[in-house]
Amino acid sequence: MGMGSVLELNSSRLKRKLCGWLVDKIDVCRHILVLNGNEVELSANSFGHVMGLIDGGMPLRLEGDIKEVESYVQMFSASSRGINIMKLVEMLSNSTVADDRFKVTFMLFTLYTVLCPPGGVHISCNFLFSLKDVNCIQKRSWATFCFHKFLEGITRYKEEKLALGSCLLYLEMLYFNSIVYEKVQRDRSVSPGLVERR
């Protein structure tokens, strides 16, 4: 499905204070994260690399005739607000085989919880248009789409001071990756409590 590395992500809980500090260090217009004087590029490529996604080149389809996905809408008991996350949890918990139903459910759950969290308890039914043909899931440009959603969430937060609904796991992992592999010096003004593992 093009999400194999997502299963290998080893992160427990996000460090909210660290994420807030990192968000403040983002230059949204230039797509960079400024860390102790160093500029770390924010891009669909880095999102894909850090989050373990592929960009298959096929754009996501988020519109269409609801009749095309009616069987999934019914299966997920979707409302006008979308698909409730608890329904996805229930269905994944009861799954015994990795059939098409499981793949679509897993993708919705992963999009909701990790890749582009929307806030609230519902995920849009519009994703079903990109998921209904399971053989095309890995051909979709997930990294590009999720990166743009990430930037939208950061921009909305900075401009409108709304709740921060974005893939903060990407930001946190990019930060740790930059320190460990790119030898960016950790900003000593940041309290160690913000970065320590619990």
Side-chain angles (χ1 to χ4, degrees), residues 1-60 62 85 107-120 123-124 127 130 138 140-198:
M1 289 186 351
M3 304 279 173
S5 296
V6 171
L7 295 174
E8 297 171 11
L9 291 176
N10 186 14
S11 182
S12 53
R13 295 190 146 181
L14 292 174
K15 282 92 187 115
R16 287 285 176 186
K17 289 181 182 178
L18 172 62
C19 290
W21 178 79
L22 289 169
V23 166
D24 289 340
K25 301 289 184 186
I26 292 176
D27 182 331
V28 178
C29 295
R30 294 178 54 214
H31 296 185
I32 59 166
L33 173 64
V34 180
L35 296 174
N36 205 18
N38 296 292
E39 295 182 353
V40 178
E41 178 190 25
L42 301 173
S43 68
N45 285 339
S46 73
F47 192 97
H49 177 72
V50 169
M51 299 304 295
L53 294 175
I54 60 166
D55 243 353
M58 186 180 206
L60 269 70
L62 299 173
I85 184 63
M107 282 298 302
L108 288 169
F109 181 81
T110 303
L111 287 163
Y112 177 89
T113 58
V114 180
L115 299 175
C116 47
I123 186 167
S124 173
F127 284 111
S130 288
Q138 67 183 6
R140 301 278 181 196
S141 295
W142 294 107
T144 297
F145 175 82
C146 293
F147 175 70
H148 288 298
K149 284 293 187 187
F150 165 78
L151 282 181
E152 283 176 17
I154 299 297
T155 302
R156 195 173 326 111
Y157 172 77
K158 286 184 166 229
E159 290 177 357
E160 302 170 24
K161 299 298 180 204
L162 296 175
L164 187 53
S166 196
C167 185
L168 298 177
L169 180 59
Y170 161 64
L171 195 55
E172 188 176 285
M173 291 176 62
L174 181 67
Y175 173 67
F176 289 125
N177 185 63
S178 297
I179 290 173
V180 173
Y181 298 110
E182 296 177 25
K183 305 300 183 206
V184 171
Q185 295 295 312
R186 183 177 68 83
D187 186 336
R188 300 293 177 197
S189 68
V190 178
S191 167
L194 293 179
V195 296
E196 73 182 27
R197 292 279 182 207
R198 295 180 193 175

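Just so it is clear, the model here is predicted, and its values are computed rather than measured.
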V40 side chain reached by N177 side chain, heavy atoms, under 4.5 Å: no
Side chain to side chain contact (heavy atoms under 4.5 Å, CB included) evaluation trace for W21 with L18: CA-CA 5 Å; W21 178 79; L18 172 62; 4.0 Å; yes
Parallel, tilted or perpendicular: rings of Y170 and F47 (30°, 60°): tilted
Point-to-point distance, once rounded to the nearest 0.5 Å, from NZ of K25 to CG of N36: 8.5 Å
For the student: nearest non-hydrogen atoms of R140 and P59, plus distance: NH1-O, 2.7 Å
For Y112, ring-ring contact (aromatic ring centres under 6.0 Å, His included) partners two or more places apart: none
Exam field: side chain K158 to backbone V28, donor-acceptor pair closer than 3.5 Å: no
Approximate separation, where rounding is to 0.5 Å, of L35 CG and L22 CG: 6.5 Å
M107 side, atom CE; Q138 side, atom CD - distance, nearest 0.5 Å: 11.0 Å
Side chain to side chain contact (heavy atoms under 4.5 Å, CB included) assessment of I85 paired with F109: CA-CA 7 Å; I85 184 63; F109 181 81; 3.5 Å; yes
Non-hydrogen atoms of F145 and C116 that approach each other most closely: CE2-SG, 4.0 Å
For E41 against I32, the heavy-atom pair lying closest together: CA-CG2, 4.5 Å
Residues, nucleotides or ligands: over 12 heavy atoms within 6.0 Å of H31 NE2: yes
CZ on F176 to CG on L171, rounded to 0.5 Å: 10.5 Å
From CZ (F150) to CG (L169), nearest 0.5 Å: 10.5 Å
Y157/V23 under side chain to side chain contact (heavy atoms under 4.5 Å, CB included): CA gap, chis, key distance, verdict: CA-CA 9 Å; Y157 172 77; V23 166; 3.7 Å; yes
Check against side chain to side chain contact (heavy atoms under 4.5 Å, CB included), D27 and E39: CA-CA 10 Å; D27 182 331; E39 295 182 353; over 6 Å; no
Where D55 and A143 come nearest, the two heavy atoms and their spacing: OD1-N, 3.2 Å
Side-chain heavy atoms of C146 within contact of M51, under 4.5 Å: no
Test item: S46 side-chain N/O and L42 main-chain N/O as donor-acceptor pair under 3.5 Å: no
From F127 atom CZ to L111 atom CG, the distance as rounded to the nearest 0.5 Å: 5.0 Å
